[in-house]
Amino acid sequence: MLDVLGTLERTHSCGELRESEVGQHVVLMGWVAKKRDFGVFTFIDLRDRDGVTQVVVSEETAKEAHAKAKNLRGEFVIAVKGEVALRDEGARNAKLATGGIEVKVSEILILNDANVLPFQLEVAGSENLAAEDTRLKYRYLDLRRPQLQHNIRTRAKAVAAIREYFDTRGFIEIETPILLKSTPEGARDFVVPSRIHTGKFFALPQSPQILKQLTMISGFDKYYQIARCFRDEDLRADRQPEFTQLDMEMSFAHQEMAYREMQGMFNHVFTKVGGIELPAAWPRMTHAEAMRRYGSDKPDLRFEMELVDLSGELAGTDFAPFASVLESGGEIKCIVAKGKADYSRKQLDELQDFVKRYGAGALAWIKVGDETTSSLLKVLGEEKIGQLVTSSGAVSGDLVLIVAGRKSVVAASLGALRIEVAKREDLIDRTAYKPLIVTEFPMFEHDEETDRYTAAHHPFTSPMDEDLEKFTTAVNDESQHHLLGEVRAKAYDAVINGYECAGGSIRIHQKDVQALNFKAGHVARIGADAVRIFLDARNSARRRTAVSPPASNAPA
RNA sequence: GGAGUCGUAGUUCAGUUGGUUAGAACGCCAGCCUGUCACGUUGGAGGUCGCGGGUUCGAGUCCCGUCGGCUCCGCCA
């Protein structure tokens, strides 16, 4: 029979007692994290969301409680009454915030017992932790772990900080519907059958895209929402089908204003949540530069190892694979792994397999040293290898890793390899936060398979004013269609440590430009009906709207 | 949709060339223990080796199929 709690109240959490409370009579409640039985007395680590306190039950001073303690097992829920006592000099535990004291127990109430756990909550070393599917099955147990408690609380703090920021900046929090007509976005819709309209379905929002634009047309001027979003796409380690993002939009805005709010919000949240100071003005980089230097539109700036172009050096080469790559408009680039000339054949093979996943045909290498060796030595000759080493900036002891191919393949494979090598060699400063705004995303992406241009963003994204003429020509003159690939958009991302943590764009506010954009291929793809409500609404009240749509939760 | 990889005790894993009774650590159970905090110590329980089929005198191990997990590519405008 379990004990009755009655009207007994906690006096402290398990994380707050210190030397200053010594002598006080206290009541703690929580979960038995650990029991250490010494026969005549028993130590119990009592845990709640605030921390752990050691309580000690002695047979000598509390016979009944001591007998009860004998029966305690992991994760029993108990209440203890007792007196805070200073620990002896040698018996303190620096690892616990409460380690200077312990509670001498006079009475124990067993509020609930517990079955043997299906997995251990606390184990030495994360590699011994049960697999995630096991932990998810018993999510309520997993969530007791201090690490997850911390994550959940961090999230709560972040959300509070977001509301705090936008409220003071004059943004209005507005909820939008979850059960909707499908709106044109990129992902697959989750779908809910309707009871009333048999055979028809609601779509769940992939983001509140259209709805927030309507709030601008309605005159709310500045909107934000902590919005649930649903996308029925395949999962990844850091991707879920159902997630939360900060969604915001403002009227009469240009890009600088959007950057300002984006930076301001992140800086506020990082300060509030982690005490982390990000630069007031984040560094910026164009999309083209990011791709060129890092092979990624979300570069991780915590380490160097930039991509170096060797195409010029290799122009006119006899080596057929390289020659054909350059001839067909591809490129040859490399990264330099500092001091890694000692990589084994096996390691290089692994890296080659790695880049092949991104479409690279092979991974060439040069080991720089007193006796420079290379997979290309026979085909290029010693002199050319020496020139490549010089161009790459490698010095003795370094390893040069080279990929040749289509530009997109070279960027994807070397961009990923850069991160892979950094991880393997532990080159990443885990305490650093390196934010970046990536600007001037392209309006269209070139599909190399079909030789077609498809929208890189949503169909309301404005082209850059400087590229408007080019855009007009490209759309109206069939023979100039390829110019679409050169048109840049007023679209941007916020990147921190290689994670895309926000993105957005300035909306088209001119009717004729919008028409051009649809003509460029959007409407055919998404269907005019899908955006009819938006177009109708906009015609009744044209405003210039600027946007920063999906700002997903920053990785903390 | 595709590729790789892993399924062995409650958990994390090892298991040789196919060969007797499948092991370790942690956890669990029982005893002992006056200062532990990864307590110690003695003893014990715990296994349909994911599932199905095949090869073999003999399969955790080899082959085929199947199911599941994880990671990645595609996808996520």
Side-chain angles (χ1 to χ4, degrees), chain A residues 33-47 52-61 66 70 73-75 85 87-96 98-99 102 104 114-138 141 183-190 206-207 209 229-241 243 245 350 353-360 409 412-413 416 420 441-445 447 449 453-461 489 491 500 503 505 517 521-522 525-526 549-550 552:
Chain A
K34 197 87 191 183
K35 188 180 80 170
R36 290 177 293 278
D37 185 351
F38 280 80
V40 295
F41 57 83
T42 299
F43 295 107
I44 296 158
D45 289 342
L46 192 61
R47 183 197 70 235
V52 173
T53 300
Q54 173 169 284
V55 304
V56 56
V57 197
S58 164
E59 188 175 32
E60 209 171 299
T61 56
H66 181 261
K70 205 96 191 153
R73 297 289 181 273
E75 298 305 307
R87 293 207 208 175
D88 289 340
E89 193 76 44
R92 302 209 175 125
N93 185 352
K95 283 183 232 162
L96 282 183
T98 60
E102 63 191 357
K104 303 269 192 205
N115 293 330
V116 173
L117 297 174
F119 66 94
Q120 283 167 261
L121 264 45
E122 286 176 77
V123 289
S126 60
E127 69 278 4
N128 292 321
L129 193 60
E132 192 172 32
D133 58 329
T134 306
R135 285 184 284 128
L136 282 173
K137 185 175 175 184
Y138 305 99
L141 295 178
T183 57
E185 297 194 54
R188 208 173 288 120
D189 282 325
F190 272 108
Q206 296 171 28
S207 77
Q209 189 66 247
C229 301
F230 308 87
R231 293 177 190 172
D232 189 9
E233 296 292 347
D234 290 349
L235 276 65
R236 280 286 192 290
D238 61 350
R239 195 198 294 165
Q240 296 181 315
F243 60 95
Q245 71 177 23
E350 282 171 9
D353 287 343
F354 180 82
V355 294
K356 279 182 173 175
R357 299 209 296 254
Y358 298 87
V409 166
S413 49
E420 175 68 14
F441 272 65
M443 272 293 265
F444 300 91
E445 279 162 1
D447 186 329
E449 313 256 300
Y453 290 88
T454 56
H457 216 61
H458 61 66
F460 312 108
T461 302
E500 174 195 335
S505 66
N517 205 13
H522 282 115
R525 211 181 102 247
I526 61 182
S552 44

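So that the names make sense, note that chain A is the first sequence line, chain B the second, and so on, each numbered from 1. All values derive from a computational prediction rather than experimental measurement.
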Measuring to OP1 and OP2 of U36(B), would you say a side-chain N or O of Arg92(A) lies under 4.0 angstrom away?
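For U36(B), neither OP1 nor OP2 has a side-chain N or O of Arg92(A) closer than 4.0 Å.
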Minimum-distance nucleotide to Lys34(A) side chain [options: U36(B), U12(B), G27(B)]
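The closest nucleotide is G27(B).
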Nearest to the Arg87(A) side chain among U11(B), U71(B), G35(B), which nucleotide is it?
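Looking only at heavy atoms from C-beta outward on Arg87(A), the closest nucleotide is G35(B).
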In terms of side-chain geometry, is the basic nitrogen of [X] or [Y] positioned less than 4.0 Å from the acidic oxygen of its partner?
X: Asp45(A); Y: Arg36(A); answer: yes
X: Lys104(A); Y: Glu102(A); answer: yes
X: Glu59(A); Y: Lys70(A); answer: no

Could you tell me the separation between the [atom1] atom of [X] and the [atom2] atom of [N], rounded to a whole number of Å?
X: Leu235(A); N: G2(B); atom1: CG; atom2: C1'; answer: 17 Å
X: Lys70(A); N: C32(B); atom1: NZ; atom2: C1'; answer: 9 Å
X: Arg36(A); N: C39(B); atom1: CZ; atom2: P; answer: 6 Å
X: Asp238(A); N: C72(B); atom1: CG; atom2: P; answer: 7 Å
X: Lys356(A); N: C73(B); atom1: NZ; atom2: C1'; answer: 15 Å
X: Arg239(A); N: C70(B); atom1: CZ; atom2: C1'; answer: 16 Å
X: Asp234(A); N: A3(B); atom1: CG; atom2: C1'; answer: 14 Å

Does Asn115(A) have more than 12 heavy atoms from other residues, nucleotides or ligands lying within 6.0 Å of its CG?
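It does not: Asn115(A) CG has 12 such atoms or fewer within range.
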Want to settle it: does Ala130(A) or Gln54(A) sit nearer the 5' end of RNA chain B, counting the closest nucleotide to each?
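Of the two residues, Ala130(A) wins.
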[N] and [M]: how far apart are their [atom1] atoms, nearest whole angstrom?
N: G27(B); M: C73(B); atom1: P; answer: 38 Å
N: G69(B); M: U34(B); atom1: C1'; answer: 48 Å
N: G58(B); M: G68(B); atom1: P; answer: 32 Å
N: G18(B); M: G10(B); atom1: P; answer: 28 Å
N: G46(B); M: G52(B); atom1: P; answer: 23 Å

Touch check for Asp37(A), heavy atoms < 4.0 angstrom, all strands: base, sugar-phosphate only, or nothing?
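Asp37(A): base contact, heavy atoms under 4.0 Å.
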Under 4.0 Å, heavy atoms only, any strand: does Glu102(A) hit a base, just the sugar-phosphate, or nothing?
base
Is there a donor and acceptor pair, one atom on the side chain of Asp353(A) and one on the base of G4(B), closer than 3.5 Å?
no
